[in-house]
Amino acid sequence: MSLHVVVGAGPTGSAVARLLAESGERVRVVSRRGAGPDHPRIERVAVDARNVEALVEAAKGATALFNCAMPPYDQWPAEWPPLAGALLSAAERTDADYIMLGNTYGYGAVDGPITEALPMAATTVKGQVRAQMWIDALAAHQAGRVRVTEVRASEYLGAGAASLYTMLVVPAVLAGQPVSYPGDLDVPHSWSHTGDVAHTLVAASRYDGAFGRAWHVPSTSDLSIRTLTARLAEIAGTAAPALSVMSKEELQRLGQTDPIMAEIPEMRYLYQQPHVLDSTRTERELDLKPAPLDDVLAETVKSATTTLRSAR
């Protein structure tokens, strides 16, 4: 029974911790508030992961260090560099394998299927932040200081999923309200299930061939917003909502009062053109398949309903 340290107690970090614990591993979840799943093999500790010395102490003896942290979306340029630097340094100093949770921002706009072989070509601020994290980690791997791999997901669905879709569309569908979305409603888009993300992170951590490479989470669906939303409404037992394209001006107005929405304009390209991940290599080498879409949507509905009730 080896020790695995998971930094971040959000939906994905918690799912990773549970998977590891249920497979018999000892897990330490690190977060600022000492949060995490309740399980006899999971220890929860309160540590500011930007504090290198404290993080090194928390990761002593660990076989693997999982970066499932997520700074506030509107604070990435300031928050990610010191946090990512501390995590990489801790992995090097403790000789733990370093498994990063990433996304597709580092690729920039891509014409065609997105494969792991594509270079980092980000043109946005947040994309450049994510790209630099991988560039720095890969350089440390290539220098022989640490073993590093990154698992990249697209937009999230599932329990606790936080994405533009779960923020804007899911609550409106459950309330039977019209939906305005800042993107093309009819282009294919890859959707990542929180559980599938966790399974991919754990599988990559256990595969020697994963290190020095990035991996795409198998998508639960590549449906367009319009088709996905119609299916979501069926699962939720509500009428299919009226969909419209949110204008640039409307998005800007939302950003004046919502700091998260203020960050969306620079990433709008993700929603205006096809955005489809190719996970062929992940499915073949890590032997993974995505969860069925209807199961994922049912989980999304249940999670969102619980959240909405607790907020009342």
Side-chain angles (χ1 to χ4, degrees), residues 3-21 27-37 42-60 62-94 96-106 125-138 140 146 148-156 158-163 192 194-195 197-198 200-202 204-205 214-215 217 259-260 263:
L3 173 65
H4 294 66
V5 172
V6 180
V7 178
T12 305
S14 293
V16 167
R18 282 192 294 267
L19 282 174
L20 291 167
V27 183
R28 182 174 296 146
V29 176
V30 173
S31 69
R32 290 190 186 186
R33 296 178 179 83
I42 295 177
E43 174 191 6
R44 295 169 291 189
V45 298
V47 171
D48 184 342
R50 296 171 299 181
N51 183 328
V52 179
E53 297 304 323
L55 187 57
V56 167
E57 185 65 28
K60 276 185 178 177
T63 299
L65 176 63
F66 291 81
N67 178 1
C68 297
M70 184 54 62
Y73 195 62
D74 58 327
Q75 297 173 33
W76 279 21
E79 293 278 344
W80 255 133
L83 178 55
L87 281 154
L88 180 58
S89 179
E92 291 183 31
R93 289 172 57 179
T94 59
D97 288 339
Y98 185 35
I99 301 94
M100 302 167 62
L101 171 58
N103 60 20
T104 63
Y105 289 13
V125 173
K126 283 183 285 298
Q128 289 167 352
V129 168
R130 288 296 332 188
Q132 193 61 52
M133 288 171 60
W134 174 241
I135 290 168
D136 292 344
L138 185 59
V146 65
V148 173
T149 185
E150 182 169 74
V151 168
R152 296 172 184 160
S154 187
E155 193 161 359
Y156 282 66
S163 64
S192 298
T194 50
V197 178
T200 308
L201 285 160
V202 171
S205 76
W215 303 83
V217 176
I260 302 302
E263 298 297 313

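Because only heavy atoms are used, hydrogens play no part in the values below, and waters and symmetry mates are left out as well, while side chains stay in. By convention here, the first residue in the shown sequence is residue 1.
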**Request:** Identify, with sequence neighbours excluded, every residue that meets salt bridge (Lys or Arg N to Asp or Glu O under 4.0 Å) alongside Glu155.
**Result:**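 Expected list: none.
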**Request:** May I ask you to check whether Trp134 and Tyr105 place their ring centers less than 6.0 Å from one another?
**Result:**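 No, the ring of Trp134 stays outside the 6.0 Å limit from the ring of Tyr105, centre to centre.
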**Asked** So does Glu150 pair up with Arg130, basic N to acidic O under 4.0 Å?
**Response**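 Arg130 and Glu150: salt-bridged.
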**Message:** With a 4.0 Å cut-off on N to O distance, would you call Glu79 and Lys126 a salt bridge?
**Reply:**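 Salt bridge between Glu79 and Lys126, a charged N being under 4.0 Å from a carboxylate O: no.
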**Request:** Could you go through the side-chain contact (heavy atoms from CB on, under 4.5 Å) check for Gln128 and Met133 one step at a time?
**Result:** CA-CA 9 Å; Gln128 289 167 352; Met133 288 171 60; over 6 Å; no
Which pair of heavy atoms, one from [X] and one from [Y], lies closest together, and at what distance?
X: Ala59; Y: Val5; value: CA-CG2, 3.9 Å
X: Ala131; Y: Gly106; value: CB-CA, 4.1 Å
X: Ser205; Y: Val202; value: OG-O, 2.6 Å
X: Pro77; Y: Val129; value: CA-CG2, 4.0 Å
X: Ser31; Y: Gly34; value: OG-N, 3.0 Å
X: Met70; Y: Trp76; value: SD-CZ2, 3.5 Å

Nearest 0.5 Å, please: how far is [atom2] in [Y] from [atom1] in [X]?
X: Tyr98; Y: Glu92; atom1: OH; atom2: CD; result: 10.0 Å
X: Asp97; Y: His4; atom1: CG; atom2: NE2; result: 8.5 Å
X: Ile99; Y: Asn67; atom1: CD1; atom2: CG; result: 10.0 Å
X: Phe66; Y: Leu101; atom1: CZ; atom2: CG; result: 11.0 Å
X: Thr104; Y: Arg152; atom1: OG1; atom2: CZ; result: 9.5 Å
X: Ser14; Y: Arg44; atom1: OG; atom2: CZ; result: 9.5 Å

**Prompt:** Of Leu65, Val30, Leu20, which is the lone residue that meets side-chain contact (heavy atoms from CB on, under 4.5 Å) with Val6?
**Reply:**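 Result: among Leu65, Val30, Leu20, Leu20 is the only option passing the side-chain contact (heavy atoms from CB on, under 4.5 Å) with Val6.
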[X] side chain near [Y] side chain, heavy-atom distance below 4.5 Å:
X: Arg28; Y: Val45; answer: yes
X: Met100; Y: Val148; answer: yes
X: Pro37; Y: Val29; answer: yes
X: Val197; Y: Val16; answer: no

**Message:** Suppose we screen for side-chain hydrogen bond (donor to acceptor under 3.5 Å, both in side chains). Which residues come up paired with Ser89, at least two apart in sequence or across chains?
**Reply:**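 In terms of side-chain hydrogen bond (donor to acceptor under 3.5 Å, both in side chains), with neighbours along the sequence ignored, Ser89 is linked to no residue.
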**Trp215-Thr149 side chain donor-acceptor pair, cut-off 3.5 Å** =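 Thr149 and Trp215 do have a side-chain donor-acceptor pair below 3.5 Å.
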**Message:** Among residues at least two apart in sequence or on other chains, which ones pass side chain to side chain contact (heavy atoms under 4.5 Å, CB included) with Ala49?
**Reply:**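 Once residues adjacent in sequence are excluded, the partners of Ala49 under the side chain to side chain contact (heavy atoms under 4.5 Å, CB included) criterion are Val7, Leu55, Leu83.
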**Request:** Test salt bridge (charged side-chain N to carboxylate O under 4.0 Å, His left out) on Arg93 and Glu53 and set out the steps.
**Result:** CA-CA 10 Å; Arg93 289 172 57 179; Glu53 297 304 323; 3.0 Å; yes
**Request:** Look at the side chain of Ser192 and the backbone N and O of Ala153, then say whether any donor-acceptor pair between them is shorter than 3.5 Å.
**Result:**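 The answer is no, because no donor-acceptor pair under 3.5 Å joins these two groups.
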